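Everything below concerns the one structure shown next.
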Amino acid sequence: MHTLFISDLHLTPKRPDITNCFISFMREDAIKADALYVLGDLFDFWIGDDDPTNFAEQIKSEFKTLVSKGVPVFFSHGNRDFLVGKRFAKQTGVTLLEEEQVVDLYGEKVVVLHGDTLCTEDVRYLAFREKVHKPWLQWVFNRLPFFIKTRIVRKIQSDTSSDKSNKSMSIMDVTPGEVLAVMEKHQVNSMIHGHTHRPNIHKISISGEEKTRIVLGDWYTQGSILVYSDHGYELQNKRFTS
Ligand code: LP5
Ligand code: MN
């Protein structure tokens with residue numbers, strides 16, 4: 001009995017090594033799990049559910065096959081795939097989660113989220129996020145032709161990445177007070193998130209209680225998987241084969 005968590009794969013046709021590792025993971029590992037949670041940034045960037053490429057089809061078909069074989073898949077949006085929408089969910093069978101979602105893992109209530117919203121000192125990012133999350137702006141954007149959207153995204157990516165290069169590592173990590181506030185809001189003692197690319201299991205002792213924050217790793221040089229079972233949890237790596 002175990003559930004798997006992954007995030008921050010940043011899948012792109014430019015990185016077949018990551019894609020191959022993901023496909024092996026889906027066929028060899030995820031198929032044996034009770035459920036799979038993808039906590040955002042599955043894609044390097046998801047421009048829209050109208051993506052016509054073979055690459056998008058290939059990834060969607062892996063999810064569709066897994067779900068059709070009886071493994072439920074849950075998806076939280078990341079800052080790179082916040083435009084994954086209802087059409088993607090319908091085509092794959094994946095269930096889209098709330099921004100902060102409480103899940104029951106073998107009797108333990110755990111809040112799961114991408115993690116970008118925990119970085120409250122990154123005020124320029126949060127201001128940017130608020131803009132691109134405006135429903136009316138997404139409504140308009142989603143109706144543009146795919147090639148126009150691609151151009152807009154490339155331009156904004158270049159503007160944001162030059163801004164990011166001026167930020168300190170500490171600004172881009174979670175704010176401890178925000179972590180506790182989110183756990184408190186949902187009345188849980190455990191949290192699982194990605195985004196920071198700093199895989200770890202943090203134990204926090206506060207007012208005589210122990211809280212746990214599990215951070216998932218990225219897939220830049222290997223697969224990174226959290227195996228959460230009825231008798232414990234472990235962060236594991238999966239080697240790239242090519
Ligand atoms: O993922 P990572 O670690 O590289 O960086 C993130 C934050 N960066 C981003 C940038 C996005 O991935 C780029 C997205 C392009 C989106 C196009 C959308 C098309 C319009 C859609 C309309 C519905 O997420 C980075 C964080 C970092 O995580 C760590 O937490 O710091 O944040 C930034 O670098 C953001 C900059 O600080 C913001 C700079 C603003 C530049 C002006 C852009 C114009 C805004 C136009 C809005 C429509
Ligand atoms: Mn992210």
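Because the structure is predicted, anything quoted here is derived from the model rather than measured. Order of appearance sets the numbers: ligands from 1, and atoms from 1 within every ligand.
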Parallel, tilted or perpendicular: which fits the ring planes of [X] and [Y], with parallel below 30° and perpendicular above 60°?
{"X": "Phe43", "Y": "Phe88", "value": "perpendicular"}
{"X": "Tyr37", "Y": "Phe5", "value": "parallel"}
{"X": "Tyr125", "Y": "Phe128", "value": "tilted"}

Exercise. Begin from the C-alpha positions of His10 and Asp218 and carry the test side chain to side chain contact (heavy atoms under 4.5 Å, CB included) through to its verdict.
Key: CA-CA 8 Å; His10 294 203; Asp218 64 55; 5.8 Å; no

Quiz item: Would a line drawn from the ring center of Phe141 to the ring center of Phe82 be shorter than 6.0 Å?
Solution: no

Practice problem: Could you note down all residue pairs passing salt bridge (Lys or Arg N to Asp or Glu O under 4.0 Å) where residues 71-87 supplies at least one of them, sequence neighbours left out? | Solution: Asp44-Arg80

Exercise. Non-hydrogen atoms closer than 4.0 Å to ligand 1: which protein residues do they belong to? List them by chain and number, please.
Key: Phe45, Asn79, Arg80, Asp122, Arg124, Tyr125, Phe128, Val132, Leu137, Gln138, Phe141, Val153, Ile156, Gln157, Thr160, Asp163, Lys164, Lys167, Met172, His195

Quiz prompt | Under-4.0 Å salt bridge between Lys60 and Glu62 | solution = no

Self-check item: Electrostatic pair Glu99-Arg129, nearest N-O below 4.0 angstrom
Solution: yes

Exercise. Using the test salt bridge (charged side-chain N to carboxylate O under 4.0 Å, His left out), find all partners of Lys238 that sit at least two apart in sequence or belong to another chain.
Key: Glu28, Asp29

Practice problem: Could you grab the protein N, O or S atoms closer than 2.8 Å to the Mn ion (ligand 2) for me? | Solution: Asp41 OD2, Asn79 OD1, His114 NE2, His195 ND1

